[in-house]
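See below for the structure under consideration.
When a ligand or atom number is given, it counts from 1 through the structure's own listing order.
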Amino acid sequence: MTAQEEGVDQVVIGANKVQMTDGNGAEAAGLNGLEEGGRVADLTSSSRTTSAHAGLPLSHTNVSTASTTRADDLTNEQHTSASPADSSPNHEDPSYSTSTSSVSLTSDATADTEPHPMNPLNLHLLSHPHRGRGVFAPASIPAGTLIEESPVLVITKEEWDRGRMNDCVLGSYGFCWSNGGMAIGLGLASLFNHSSSPNVNFIRSTSNGTIKFLTSRRVEKGEELCICYIADESKLWFVPADQKQKQKQKQKQGRRRRRKNDHNGGCEDMSESESGPESESAGSSSDSSSDVDLGEAIDVEDLVDQDVLEAQKRRERRLAQARKAGTGLPNGNGRHRMTGRKFAPCCSSSSASSSSAQANVEIRSPRPVRVTESGSIPPSASASASASRSSTPSTSSTPTPAYPTASTLNSSLPTPLHSESATVATGRRHANRQPAELVEDLDWREEDWVNSKGKEKEQSRAGASSGEVVRVKGPAEREVDEDEREMMEIWIMEFTDPKLTRVALDFSKELSNADDRLKHLKRVCRKKVNDHEVVRIVLHLVSEYDAPTLHRLMTEFSPSLSALQPVRYTVPRLSARTQAQLKWKLHIWPVSYSPAQMIPSSSVHWPVGRKAWVTAGIKRVLSLALDAKRKGEVPVATFVTAFPSAYWPKEDGFIPPTDNLRASSHDTRVSESHPLRHAALNCIASIAHLRTIPPFSDVPPTRNGADYLLTSLTMFISHEPCVMCCMALLHSRVREVFYVFSRKNGGGFEYEPKRVQLDSAPSPSTSTSSTGDMPQGGKENGQEGNEVQSENNGHGYGIHARRDLNHRFEAWRWDGEVDEEMRKALEVDEQLQL
Ligand SMILES: C[S@@+](CC[C@H](N)C(=O)[O-])C[C@H]1O[C@@H](n2cnc3c(N)ncnc32)[C@H](O)[C@@H]1O
C-alpha cells in the first residue's frame, strides 16, 4: 500500500517539507508553519526580481510543444533526493538566469530530476492551445499544499489608471490589492489560468507583499493548476476555454447523433439522445468534461495525457465501489453568492477590475464535497453540483433523493459507531467531510413582528416564534450576583478629632493615590460609635507596609499624626456590582458602585428585531437538525453568523464581527465514523477554513489579532453542546450561543450549584480600636458563619462563564415552544455526548 493509499502523503523537497494533509484540505493552515528562511525567504530574496514571464526558473518547460511534453517524470523519490543545499538560490545556475533566453525552455527530461530551488515542486509550465501558458502538476499534490508564494509589485490605483495599464498586456495580469490598487505577481502568480472550478486557492498577504497559492484538493499528476479569477464568468475579459470546449463537444455530439440517425435511416436512437447535449450539464459519471470538475482543467483531448485519463478512471472505479457500499453519495458543491464584499478576489483586466470591488463574489468551497479516497470529486458529484448551480443556494438545499428518508427517521438513534456498518465505513472517515461553505443568511424581518402601530404583535409572542430565550448563568456570574464577598486587609488611621481629617487625608493620598487595588474604596469612612463620630482613613494594603514603617512615615509627614497608630482593617476587595452587594459592602466600608453591564436574564424586553433574528436562527438549526437525521446522522445542527449591526453593543472594546462570515454544520460522526465530528466542532472547523480563503483571508483585522475564529460571532445550535464542544467554542472566542434542548448529562453550559446557606449580608463593622487590634468590622464580621458555595459540587459545568477560564460568552436557552413532533424527532439518547 502506498503512502497515498493510506491517506498520508509525504513529499520532501530539498530542505523544505511540503506539509501533507489527510486529504481534507483543512490542514492548510498548518502550512503557515513553513519556516521562514526556507522556501518563503528564498522567494523574497533579491534574486527573484525576474519578470513573471522572462525569468521563471522552470527548467523543464516547453512553451511551444505542450502536447508532446508530459508532466509525468517526477517521482516523490526524486523530490526526496534533493539535498538541503538545493533550497538556496544559486545565482550561477543558468536555469535561474533572468535572461529572456530561459523563455525558450527546453523539454529536457533530465532537468526534471533536479527541481530548481526557486521551483521546488518542479511545477511545469506548459502551453495550452486555448489558455496559453499554464502551470501543471508534475506529480500528484495533496490538498492544502503551498505550491507557490509569489512576491508582488504593487501598483496604486492612481498609477494603474495613469499608466493606462488596462490598455496594455499587464491589464490581464493584475491581482486586486488593497486600497483599490493592483498587484503584478512575480514568479508563477501570473501564469495560473482561470477555472470556474479551481484546484488552487490564493491568499493575498498585503503585509508581506506576497500571494500564496495552495491546492484546494488533491491534484493528480498532469493536471493543470488553476485559480478562479472571478466567480462571475460573465465579467471575464476572455471566453474561458472550457466553455469553448463544451461548445465543441456539443457540436461533436450533435454530429455523432446525426451520423447515427443517418445510419438508422433517420430513426432517433433514444439512448443516445438521452445523453445528448440537453443532459450534458448534469453529466454522466464518465463525462470528463463535466462543467464542475474542480480544477480538472486539463483539456484531455488536446493534451492526450494518459495519466490524467487513468487517474480519472481510478476515481470512477472508487466511486462505483463507494456507491456499492452505499457511501459515495454526492452532495451539491455549494456555490454561494455574497454581495457587497470589500475585497474581490480577482485577477483583473479592464472590465473585471473596475467592477470587482463591488462585484458579487461566489465563494467556492475549497474542500471537495464528498470526496473519494483520492480527494478528487466523483464525476456524479460534479454533475450534481452542476445541476444545482442555477438553484438558489441554501444551507439545507442538499439533494434529498441521495439520502435515506423514512426508515432512518423512524430510528431514534443513528448507527452506533462500533457497528458493522460503521466498520465498513471507516474508509470514509476522512472522505466525507462536510464542505466549508458560505451559507445563506437568516431570513428574518422585523416588519413581520410588529403591527401597524409599531408594537410587537401578540401572535409573535406565542409558540415557536416567541423569540424567548433564557440566560444561562455560569459559576463566575453567580458569585458576582449572589455572594461575591472577597475581602482584603488594609491599614487605616482612626481618630475622633475632626481637625486631623485634612492632614490625614493628604497623607493618605500621598501614600496610596496611584494604587489601583484601592481605587474602589472611598478614602474616608465615618461611623457613629457611642455618640462619637469616628473617622477612618485608608492608608495602604497590609501586604505593602508593616506597622512601624507606616508609623514612621506618618510622623515624618506631620507631627500631628504621630499620636495615631495604623490599624488593620478588613474591607471588600471589589466595588459593588449589584445593589445587593452595595448594601452589605457599605456596612463595612464605603465602596464605589460599578454595576456590571446589565444583561437581562431573559429576552422578554429585547428589541423586537433581535427576537425575530434569534427565532429565525433557532428555526434554521432545528430544520438543519432534521436534515441531519434524514441523512442518518445524530440530529444535531449548528449555524454560525454575525448578529445584526443594529444590535451591536455600544460597549468599549467591542470587536465587530467579520462581515458575512457564515457557516452551518451538523453532526457527522456516523457518516465519517469519527467520534469527534460533533456539530459544533464541524462548524468551528468550517469557519476556520473559510477564514483562510478569499475574501475572508483578505479582510484586514479590525484590531490586532481580533478576528480569531468565532470572535464576536453567534452560534445557534439545536442541542446543548458537550463539554468538549463548549471548550472549543470558548477557545474560538464565540460571543453568544443559543441552543434549544438541554442535556441532562454532560452538557457544558447548564450549571446548578449546590445550595448552601448564605446570609444576605454580613454584620456591620461596629467596634473600633486605636490600639492596633483587629476591629470587629473586619474579616470575622464579613465572612464568619457564611459558607461560600463551592463551584463543583452541583450539576453542570457552566463552561461559558467560569473564573478559571480566560474567555466568557453568553449562553441562552430557547424558552419558546417547540413543535412536539420536532422535539420527538430530535431526541437524542442522553448518554451520547453532543
Ligand atoms: C494571468 S494570464 C494567465 C497566463 C496566460 N495563459 C499566459 O500565457 O500568460 C491571463 C490570461 O490567460 C488566458 N486565460 C486564462 N485562463 C483562461 C481560460 N480558462 N480560458 C482561456 N484563456 C484563459 C487569458 O488570455 C487571460 O487573459
Roughly how far apart are Leu153 CG and Met182 CE, rounded to 0.5 Å? 13.0 Å

Give the atoms of ligand 1, by number and element, whose distance to some non-hydrogen atom of Asn193 is under 4.0 Å. 3 (C), 4 (C), 5 (C), 6 (N), 12 (O), 13 (C), 14 (N), 15 (C), 16 (N)

Looking only at distances, please establish whether an N/O atom of ligand 1 is found under 3.5 Å from an N/O atom of Ser190. no

Any idea which part of His130 is under 4.0 Å from ligand 1, heavy-atom wise: side chain, backbone, both or neither? backbone

For Val239, is the nearest heavy atom under 4.0 Å from an atom of ligand 1? yes

Residue-level breakdown please: for Tyr229 versus ligand 1, do any non-hydrogen atoms fall below 4.0 Å on the side chain, on the backbone, on both, or on neither? side chain

For Phe192, atoms of ligand 1 separated by under 4.0 Å from a heavy atom: 3 (C)

Might you work through the ring pair (Phe, Tyr, Trp, His ring centres under 6.0 Å) test for Phe192 and Phe202, ending with a clear yes or no? CA-CA 10 Å; Phe192 289 102; Phe202 59 96; 8.9 Å; no

Apply the test side chain to side chain contact (heavy atoms under 4.5 Å, CB included) to residues Asn179 and Thr156: give CA-CA distance (whole Å), side-chain angles for both, the deciding distance (0.1 Å), then the verdict. CA-CA 8 Å; Asn179 302 323; Thr156 64; over 6 Å; no

Got a second to check how far Met165's CE is from Ile155's CD1, nearest 0.5 Å? 4.0 Å

Element-labelled atoms of ligand 1 that are located less than 4.0 Å from some non-hydrogen atom of Ser172: 1 (C), 2 (S), 10 (C), 27 (O)

Work out whether the distance between some heavy atom of Ser195 and some atom of ligand 1 is less than 4.0 Å. no

CD (Glu148) and CG (Leu146) are apart, to the nearest 0.5 Å, by 8.0 Å

Quick check: does any side chain N or O of Asn199 sit under 3.5 Å from a backbone N or O of Cys226, one acting as donor and the other as acceptor? yes

